[in-house]
*Asks:* 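Sharing a structure with you now.
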Amino acid sequence: MPDIKLLDGKKIPFSKKIDGFEIASKISKSLTKEACVMSVDGDLKDLSFSISKNAEVKIITTKDKEGLEVIRHDAAHVLAMAVQELFPDTQVTIGPVIEDGFYYDFFRKEPFTDEDLTKIESKMKEIVDRDDLTKREVWKRDEAIKHFKKIGENYKAEIIKDIPKNEEVSIYHHGKWHDLCRGPHLPSTGKIGKAFKLTKVSGAYWRGDTKNEMLQRIYGTCWSNKKELDEYLLRLKEAEKRDHRKLGKEMDLFHFREESPGAVFWHHKGWTLFQTLVGYMRQKQKNAGYKEINTPEILDKTLWEQSGHWEKFGENMFTSETPDEKIFAIKPMNCPGCIQVFNQGLKSYRDLPLKLSEFGKVHRYEPSGALHGLLRVRAFTQDDAHIFCTEDQITDECLSVTNLILEIYKDLGFENVLLQFSDRPKKRVGEDKIWDKAEFALLKAIKQSKLKYEINKGDGAFYGPKIDFVLRDTIGRDWQCGTLQVDLNLPSRLGATYVATDGSKKVPVMLHRALFGSLERFIGILIEHYAGKLPLWLAPLQVVVLPIASEFDNYAKNIFEQCIKAGINTEVDLKNQKINYKIREHSLSKVPLLLICGQKEVKDKSVTIRKLGSEKQETLLLDHAIKNISQKQWANLLIELNLVKKAWRRFGPVIDIKAKNFDQIIKWGSRKHDSIDD
């Protein structure tokens, strides 16, 4: 009879078969109430699952990530139950868990309305109150197909036909209603609670294929308790205000067109922002020892076959056939081209580590329905780098990359960073001893960062383990951006070698590294993180000069010219409009500083400064105002180049960074460096 091992190592012997309810009860009565499902030797099971042999068991509650996912899965089932009780002729298809919630796809001739969603949500709450019991059955394949066809559920019958023959056909009953599902599920519908809300309805093709019929997809969100639901709905409301697509239009940054779906048309201000980020990153990488390269956007199909990308990503690549019948592909990633640069000329162990960076434009096919502003595009620029190193250098290089990524995120206003470590999958290439070394190096880098991290067991790439860097923005949303991957495979496939100390040729280890991931996507994240109110050094337009009336235009032009000479991105607005209208217009465009001038300012050779988001105004002498703005701008650049850290070590508490004592920082920086490029 089974011995049940708990997470703390404690073993509980049982004299007969046991299920999750009994195990939870044995541990504590409170756990019995909170239990959702259980993990048996790493596999999630219903609490009713019978255990007859020794096993390691963890009781999952709503406080666990897995527990919340199960609640959301049950909520999807209850959504389908509610729809079919209200609209009996509706067919159900699939209803998975997604980030922050769930959805279910339905086939129904009439479209669902907002009023329908309200009715469905009310019916869902009735089903929760009914507390229908959940029961799992395993059916024979042919009987299941026959049954679902008989009751008019043709989509379910089609799904069952595609289930591999060696897999069970699992059916879950919630009261009288039943559905095809692998599970696991809660013991009853009442366990879901009422912390859920239906959010929207949209169209979706059956199995994601535009050739198939259109279905209706109802989305919902679900949480462990009402407090978490309310917090999420508040984030959604805040996210609507911060939508980068809306702000991008207001700030005149970019637009999209149907003639080139998923590709960005950058306007002057947006491209200025783009290039500011590139310049910032370029300097950071130069300081860290990277050498920037550039490789072709179109490469022969044979190279993609050799690298393995054609087999794995071919269907998402854009291709072209030339008159001589050669097939070329627009690159979906930069790695193979970078290795071709490494392969030019003989490399020695003395050349390693060799860090090659590239702002490479890549193209990947994404379904039209998946495109979403800057966050999901078909054409984007990766801030890629590939580090070629020896096995013994993996640890130091991983530490170096991790520190660089965290430093850059901090500069850009992201201090809440979560690291996700993914180790070796079951199907992989490379020797275990190299995997051991690579995983040790990555874990060491994570631990030295002193940040929170999660382990995604077995979720590494087939060629090596990886770290993903997840940013949390100001309204609590998580964004996976940077990545660091150890590649034990691609250099060998493309013939990369170096001469080792003993004169033999060896294959280098290649670290894939991206900090922003996609510059387009990261700019979208930045816009939403700051709600468009970008820091002065990042703002594509930093200052707009506003004369109160046309008689002060010449003085406004003089202010504009002096700002331009000082290196400040400036425009002057000479339109014949009232000053309050101009202030509203440029505040909506998120211009950080407005310089206003009238009769008093002309007489005193001064300017009135209005900061974005503030009703207060400050009047300064013109020379002093421009110097103040310029110093703040250059001080930000000095911060980017880490000169402030050096200044702090040199001057100690004399430099008060928080008080923005920029004069001393600038003075020190200019004494040590002839120009900002140094």
Side-chain angles (χ1 to χ4, degrees), residues 274-295 334-335 337-339 341-342 347 349-360 381-415 417 419 438 441-442 444-451 466-469 471 481-487 498 508-519 522 537-538 636-649 669 672-678:
F274 188 100
Q275 291 301 327
T276 299
L277 270 181
V278 169
Y280 161 78
M281 177 65 76
R282 182 169 279 138
Q283 188 62 54
K284 281 286 190 182
Q285 292 183 152
K286 183 179 177 182
N287 293 346
Y290 288 82
K291 299 177 186 296
E292 187 174 335
I293 63 171
N294 186 262
T295 60
N334 300 302
C335 333
C338 181
I339 293 178
V341 174
F342 178 87
K347 299 295 187 298
Y349 68 92
R350 293 187 181 90
D351 299 313
L352 306 183
L354 179 59
K355 307 175 183 180
L356 301 179
S357 65
E358 178 176 13
F359 294 99
T381 307
Q382 285 187 315
D383 61 326
D384 250 343
H386 297 91
I387 302 169
F388 299 88
C389 63
T390 67
E391 293 174 25
D392 293 334
Q393 293 170 336
I394 293 175
T395 299
D396 289 341
E397 291 310 310
C398 288
L399 285 170
S400 174
V401 169
T402 301
N403 290 334
L404 178 64
I405 291 178
L406 296 176
E407 184 179 289
I408 287 170
Y409 288 163
K410 189 173 182 180
D411 283 354
L412 293 166
F414 297 98
E415 300 203 29
V417 183
L419 276 60
L442 284 175
K444 184 176 180 181
I446 288 175
K447 289 174 181 175
Q448 289 202 9
S449 74
K450 296 181 180 178
L451 290 175
K466 64 176 181 173
I467 302 174
D468 288 326
F469 296 80
L471 310 181
C481 293
T483 187
L484 170 60
Q485 304 172 354
V486 181
D487 192 344
Y498 70 94
V509 175
M510 184 166 75
L511 306 182
H512 300 249
R513 184 236 69 186
L515 307 179
F516 298 150
S518 154
L519 265 84
F522 195 83
W537 73 275
L538 261 180
N636 272 301
L637 288 173
L638 289 170
I639 289 170
E640 295 165 33
L641 302 178
N642 289 324
L643 297 183
V644 169
K645 293 179 181 177
K646 295 177 183 176
W648 182 264
R649 287 197 294 270
K672 286 288 181 183
H673 302 269
D674 295 330
S675 72
I676 206 71
D677 290 331
D678 292 333

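Residue numbers count from 1 along this sequence.
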*Asks:* Measure from the side-chain N and O atoms of Q448 to the backbone N and O of A445, and report whether any donor-acceptor pair falls under 3.5 Å.
*Replies:* no
*Asks:* What heavy-atom pair brings I387 and P353 nearest, and what distance separates the two atoms?
*Replies:* CG2-CB, 4.1 Å
*Asks:* Supply the atom-to-atom distance M281 CE to T276 OG1, rounded to the nearest 0.5 angstrom.
*Replies:* 13.0 Å
*Asks:* Drop me the distance from E358's CD to C335's SG, to the nearest 0.5 angstrom.
*Replies:* 9.5 Å
*Asks:* Please name all residues satisfying side-chain hydrogen bond (donor to acceptor under 3.5 Å, both in side chains) with E292, sequence neighbours left out, ordered by chain then number.
*Replies:* R282
*Asks:* Would you give the length of the straight line joining atom CD of Q275 to atom CG of L519, rounded to the nearest 0.5 angstrom?
*Replies:* 9.0 Å
*Asks:* Under a 4.5 Å cut-off applied to non-hydrogen side-chain atoms, are L419 and S449 in contact?
*Replies:* yes
*Asks:* Would you compute the distance between atom OG1 of T402 and atom CG of L442 and round it to the nearest 0.5 angstrom?
*Replies:* 7.5 Å
*Asks:* Kindly write out the residues that satisfy side-chain hydrogen bond (donor to acceptor under 3.5 Å, both in side chains) with D384, not counting sequence neighbours, or none if the list is empty.
*Replies:* N334
*Asks:* Would C481 and F414 count as a side-chain contact (heavy atoms from CB on, under 4.5 Å) if you check the C-alpha gap in whole Å, the side-chain angles of each, and the deciding distance to 0.1 Å?
*Replies:* CA-CA 12 Å; C481 293; F414 297 98; over 6 Å; no
*Asks:* Check step by step if side-chain contact (heavy atoms from CB on, under 4.5 Å) holds for L277 and L412.
*Replies:* CA-CA 10 Å; L277 270 181; L412 293 166; 4.1 Å; yes
*Asks:* So how far is it from Q485 CD to D487 CG, rounded to the nearest 0.5 Å?
*Replies:* 8.0 Å
*Asks:* Determine whether F516 and I405 make a side-chain contact, defined as any pair of heavy atoms from C-beta on separated by less than 4.5 Å.
*Replies:* no
*Asks:* Only counting residues at least two apart or in another chain, list the ones meeting salt bridge (charged side-chain N to carboxylate O under 4.0 Å, His left out) with D396.
*Replies:* none
*Asks:* Can you name the residues that form a side-chain hydrogen bond (donor to acceptor under 3.5 Å, both in side chains) with T381, not counting sequence neighbours?
*Replies:* E520
*Asks:* Fit a plane to each ring of Y280 and W537, take the angle between them on a 0 to 90° scale, and name the class: parallel (under 30°), tilted (30 to 60°) or perpendicular (over 60°).
*Replies:* tilted
*Asks:* Calculate, to the nearest 0.5 Å, the distance between atoms CZ and CZ belonging to F522 and F274 respectively.
*Replies:* 12.5 Å
*Asks:* Are any side-chain N or O atoms of R513 and backbone N or O atoms of D383, one a donor and one an acceptor, separated by less than 3.5 Å?
*Replies:* yes
*Asks:* Check whether Y290 reaches the backbone of K284 with its side chain - one donor and one acceptor, N or O, closer than 3.5 Å.
*Replies:* no
*Asks:* L352 and F388: which non-hydrogen atoms are nearest, and at how many Å?
*Replies:* CD2-O, 3.5 Å
*Asks:* I'd like to check the side chain to side chain contact (heavy atoms under 4.5 Å, CB included) partners of V341; sequence neighbours left out, ordered by chain and number.
*Replies:* I293, T295, L356
*Asks:* Assess the residue pair K291 and L354 against the criterion (side-chain contact (heavy atoms from CB on, under 4.5 Å)); give the C-alpha distance rounded to whole Å, side-chain angles, the decisive distance to 0.1 Å, and a yes or no.
*Replies:* CA-CA 8 Å; K291 299 177 186 296; L354 179 59; 4.1 Å; yes
*Asks:* I need the minimum non-hydrogen distance between L515 and I408, along with the two atoms involved.
*Replies:* CD1-CD1, 3.3 Å
*Asks:* Answer yes or no: is there a donor N or O on one side and an acceptor on the other, between the side chain of N403 and the main chain of L399, under 3.5 Å?
*Replies:* yes
*Asks:* Does L451 form a side-chain contact (heavy atoms from CB on, under 4.5 Å) with L406? I'd like the steps, not just the answer.
*Replies:* CA-CA 10 Å; L451 290 175; L406 296 176; 3.3 Å; yes
*Asks:* Does K347 make a cation-pi contact with F342 (under 6.0 Å, within 45 degrees of the axis)?
*Replies:* yes
*Asks:* Could you tell me if the ring centre of Y498 sits under 6.0 Å from that of Y349?
*Replies:* no
*Asks:* Could you tell me which residues satisfy salt bridge (charged side-chain N to carboxylate O under 4.0 Å, His left out) with K355, sequence neighbours excluded, listed by chain and number?
*Replies:* E397
